[in-house]
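Reading through the structure tokens given below for one structure.
Chain naming here is simple, since letters A, B, ... match the order of the sequence lines and numbering starts at 1 in each. Worth knowing before you read on, the calculation uses all heavy atoms, side chains too, and leaves out hydrogens, waters and symmetry mates.
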Amino acid sequence: MVEHTGIRVVHRGGSKINFREPVITSDSRFLLCGSGESVKVYSTSTEECVHDLQGHTDLVTGVVLNPSNHLQAYSCSADGTVRLWDFTDGILIKTFIIRYHIFSIHVSEKHVGVLFVVVPMANEKGSELFQLVAVHLPRSGDPEVEVGELSAVLCDVSPNPGAVSFGTGGEYIAAAKGLQLEVFFFKKQKSYRFSLKSGMNKGINNSFTCISCHPKEDCIATGHADGKIRLWRNFNQKKEYTYSTLHWHHNAVNTLRFTPEGTNLLSGGIESVLVQWRYTQENQKDFLPRLGAAITHIAVSPDGSLFCTSHADNKITIILSSVKVSAIIQGLVKDDCVRTDLMIDPRSKALVLNGKPGHLQFYSLHRDKQLYNLDIVQQEYIHEQGVDQFQVVKAAFDTHGDWLATVEERRQKSSELEINLKLWSYDEQTQSFVLNTTVTAPHEDQITAMCFSPSPETTLLVTTSLDGHFKAWLLADHSDTEESASWSCDFVGGYHLLKPGCCCFSADGSLLAFGFQEVVTVWSPTSWELLTTLSQPPGAVRDLCFGRLSCSKYLLGTSTKNQLCCWNLLTCSLEWNTPMDVSLLQADPFSENMAAFCSQSGSTDLFVFKPSEPRPLFSKKALCTGKVERAIFAPRDQMLESSEEYSQWLNRSQLYFLTQHMDLMTFSTKTEEDRLLASSKQLMVDDSVAITPFYLLLGRHKQQQQEKQELLTNPLAERTPLPQGSIAIKELLDTPAHVLPSASFLCSMFVRSLLVSSSSASCQDAMLTWGMLLPG
Amino acid sequence: MGEFKVHRVRFFEYMPTAIRAMSFNAHTERLALARVDGSVEVFNFADRYFQEKVIPGKDAHSIEALCWVGGRLFSAGLHGEITEYDLENLRPKYSLEAYGGPIWTIISNPQGTHVAIGCEDGTVKLFEVLAEGVQFERNLDRQKGRIISLSWHPSGTRIAAGMMDMIRVFDVLTGHAIQRLLVDRSVGGCKSRETVVWTVVFLSDHTIFSSDSAGKVQVWDGHTGTLVKTHQLTKWDVLALSVSKDESSVVAGTSEGTVVQFQFIAPNLQQQEKEWVRTRTFKNHTHDVRALVEIGTAIVSGGMDTQLVVRPLLEKFEEKCFASGLRRIHFPHRNLVSCAQKARLLLLQFPGQLELWRLGESDGHGKPGDILPLKTKPEKLLYLKRKGKDHICCSALSSCGGWLAYSTVSSVRLYRLQTDNNISITKVPKLPKVLRSAHQLCFSSESSYLFAASSQSSVLVISLNQSECKYVHTLKPKSGSRQPIHLMTTSVDGKWLATANSDCEVHVYNLQKLELHCMVPMYSSCPSAMGIHPTTNNLTMVHADQQIFEFSIAEKQYTVWSRKLQMQGLHNLWLNRDTPVTHVTFNPKNPDQILLHDMYMFCIIDQSLPLPDQKTQFYNQMTLRSLSEQERPSHLHAFKVCKSFQDLMCMRLLDDQSLVVVERPLMAINSQLPAPVRQKKFAT
């Protein structure tokens, strides 16, 4: 089979923003954080993503501000490069190629032109030992520079970036690992090691977890796994060092940070409480409780006016120095497992999956932003281990997004299963889902599959359960009574007391297929007649999928015994089958294409094929390690015009999948990357304001007025051409009419843009568009 | 090891009293400790914290403060008197009324020429220390309110005095107060309650530390009288402060039982400027820390929970050694229990009374570890209250159970006992005039003589018979030591008497000739227990540093076994044990066995077995149990340690081969302590 190099597996959308510590810029207006393979620049006041700094080809593992230019930032990545960005304009300035897997990056004002990065000791991926090396950046004008000179500073450091910190003015660097603290003095070129006695025999884990150095005094604060904070002093000698202990956290201290003046120490842990300790007055402390999830990182702006905390639920909270929450940036919430399938909300085109416990989250992949959470369980969640609580395990949308069906279940130890089926209707007025029907105990056992009929005439929901039955639920219309429509069970069916594992409607909704262990049964949903049975033992059917469009005569099924079968429904016979361990079969709703994820020797391969063709359109071996169990074809907002055969399947939709480590990955083609790169070169508008078409028009108008005033006050100033005139008009055309300003305003603005336009080409362009605009 | 029927005695309700004050003499490395009942104990810190001397207390004679002036020990208390102690005769030498009401504190100047006391009436009185006593010199300016604490500036020209709500600094030459430092009242608590400045410490750079009842430790500039820094340690009192000799560290003890250390540290390592920073916290007490001393390598603390804790500062040690371990001293290093082996009686000594118990009897048999049913229950025969104000310092019971004697610092009393059918006790009316007080009392094995340790290491021999008791002789050592005898033992055949004194001398007297037989070669550490073997007449001595010697009295030299032991050296685990051995006895059925015990274990040394070397497993009882009969002999060694009895006060072997073990569980002591201050605990 052919491998295609033009398609890469990338993190795009829904990546972790809490993976590494975020950075607040020196003017406190922006927040930079690594998110997947890009660095995101958020506005601290509006929570909007202002820039997406693209360029790295692997996970970004650290972001720091350039100490010699506060408008620039370095980012390091697992792809072995460090990149320097102008984050206000979103421009990549330089790329330093280091060729090691970089785990974190540290800088200090004292060491100009030197970066400190943590790399593995031996240049292998599986290496367990890490070292801190100094990278001397070569002075060269090239945008891509190879770095040759690396000098080791500390050996055997923790890969956790929170365990390394620079001391007062970069005089020394302190690193903690396990039970040992190491302090390296640059001037003396000497390091001191201090180790703690293991408290393991007393049942205490006092190993170091994080570290922070006081910015003015020689004091190192270390956090420990038993919840203690130690303040080390006098550490420039081996014997007479001393420390004091602070104890508030009842669990491990995840992160520690001194404020820039050193007056306060901030700490956080699993308690999801931000603790602010007064330096030298440690028994006075302030708390910011109920932050929602465990604190993983704390960052402080260079002027000390803002703090921000990263949380375990992929969230960044921005906190004023008066310890008040001012903004929350929420990423895709990823629990340790996703019980529901990945779904696309047909209305908002948002990705829908489990979010907070008991919730469904709606996540816009295009804007890379969480839209909202829908509370399904509607019960208080208790933050305690070992408490069995309701979980959302299944969810399904109908074709138009009018109905949402959810299944929640709770299995308490030694008691029976509790299942609720809930049906939600979309309310146009509130623009959200409203609970319509709750069915308690819809089945006697776990529900294995659930799907809506795609046919436009009926609203029909089918559920299958391990109790050996499938049930069809219909929306009963009580138009004669006062009550609104509600759902009720219409048909209960089964097949030889076998347990149904999956169900699938054909694209037009005329056929319904169930997998009853080894047997596939095809039913007519209008008459509930068993039309035919198909069987290809051995192995129970795992997944069923009808072909679409030109391939709608095919039914595909996968079985647990490594079989991928394709039946022709016209002849009711097996068309072809191949031996493959398919863990997931996913149909593209916009084409005939099917994606099959096959797990093979610990990693997953992907095949994209048409059921009618024997040859796969695309195949990728060793996509990722572990099994892929959730994937979805998401529609693109803009079609790609890729002509190459191997990437055509990505033109209309994009395939997202969740790896074993809960990373949301997708495929990116060359054309797509080119487009992204081109868009990142665009000049940007004022960053603190969200970019809406309305703003593009009005904001520019304001700018022009300002410029005009400047011109009046300073006649010597040159008149600058407005190269964006035509783009503005393009935006104007793309914009729906109801958000446009009044025509008189547009007219005057357009005339003015003609006056200042310098090139005749853009003038002509404008003339043309004007002509188009007038009839509308 | 052998099987014994064990009387596990738990009816000894010994209750140590709280520690009130401490003073450390860095020159002689002796720590003097005062308890609430007025007793004073002297520990030798050069000799494994061995409790060398105990001066018994006196009713209504509490001690508030102790101080060393050279080798002399002074105390003062709320009774309003200054007392100097006679450390050779273990009694107060004299008491001097200070005429200032109750005395809260006493302190000597660094030069050792004067002591100052702080009185209830608001005066600081200076006394000159003369060779024969102390003499009142003058008063400093009298203040309103009591003087709680005093600290002398190392130059000797200034005194800081802690009072109610304030600290005064006095110029010693003029006697005038030159600074007045006001201490805040507690923040959260009642504003009307006065703040007591419990302790002040005056450092040579004129920094003053104060600790008060509002839970603060404050640092003051003594030149300008300004507050430099306040450390709020607790909601309760900070009762004790102590500064290290090099003035780089100050420790404070709180009512919560914590000890907090402050260190003089440069905040920026490159600069010389230093400041006081709160650093470590130690929590070794459950109750108030009332007394605290920093001795350079360790912090010594004591308080309401009656234990003395030596917390080593680990950074001062290069390697692990005995002094680098945490030590807790709970029990006195001497015997409070006497046992009549023949009559099966136990005499329990309390400061205020004696109790005589008859042991229970059982004729059951069982496996090791079984609890046997009792035929007769243990029975309290006698409760003997002491006469006079002075506390009992020693007591003795003859092995036949016919005689009982006790001594206070002022008198010795001897009683004739009858315990067979109807219990009767009669005081022996006329004691010889020479027998005024004794440091140790001991009966000979046939109860024909009473030996009383007297001043200058001499022993009075008094013969006893039914009708009268008669002074026979005074045994005097040739060394001319003036130190008191703390151990005395006789041989079973009645021929030998061995004594040990605080100068580490061990003398052996021949009782038939009534003369000094020999002196055992001197060893640097004090003997903590000794015994004479019933058949071979070998003297076995165990010293405070855990060394064991066996000395043949007949040959006047160490035995072969003792030499072998010294050649090979004792096992490190034995040497690093926590508490000294307090009693040595022998098994008459098996002459090879020596029985000894300390607080945490008892041990049988079998002289017929090979000695363990450093590589052998020392605590091997569990291993031996798992081995088969054939393999066992190759693993045996001379030291057989049993830890099944804890918190041992006493262990004796009765004549019927049953063992008496007197335990005083620390849990029981703790449960009788008053409730500690309330502390918020997490998750309660």
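- Lys643(B) forms a cation-pi arrangement with Tyr619(B), by the criterion of a distance under 6.0 Å to the ring centre and an angle within 45° of the ring axis.
- A ring-centre distance under 6.0 Å is not found for Trp276(B) and Phe262(B).
- For Phe185(A), the part lying near chain B is the side chain, with the backbone staying farther off; criterion is any non-hydrogen pair under 4.5 Å.
- Side chain of Lys216(B) to main chain of Asp184(B): a donor-acceptor pair is present (N/O by atom type, distance under 3.5 Å, no hydrogens or angles).
- When heavy atoms are compared at a cutoff of 4.5 Å, Val260(B) does not approach chain A at all.
- To the nearest 0.5 angstrom, Leu246(A) atom CG is 7.5 Å from Leu265(A) atom CG.
- Looking at Thr230(B), the atoms closer than 4.5 Å to chain A (heavy atoms on both sides) all sit in the backbone: N, CA, C or O.
- Neither the backbone nor the side chain of Gln284(A) comes within less than 4.5 Å of any heavy atom in chain B.
- With a 4.5 angstrom heavy-atom cutoff, Asn236(A) touches chain B via backbone and side-chain atoms both.
- Within the cation-pi definition used here (under 6.0 Å to the ring centroid, within 45° of the axis), Arg577(B) qualifies as a partner of Trp574(B).
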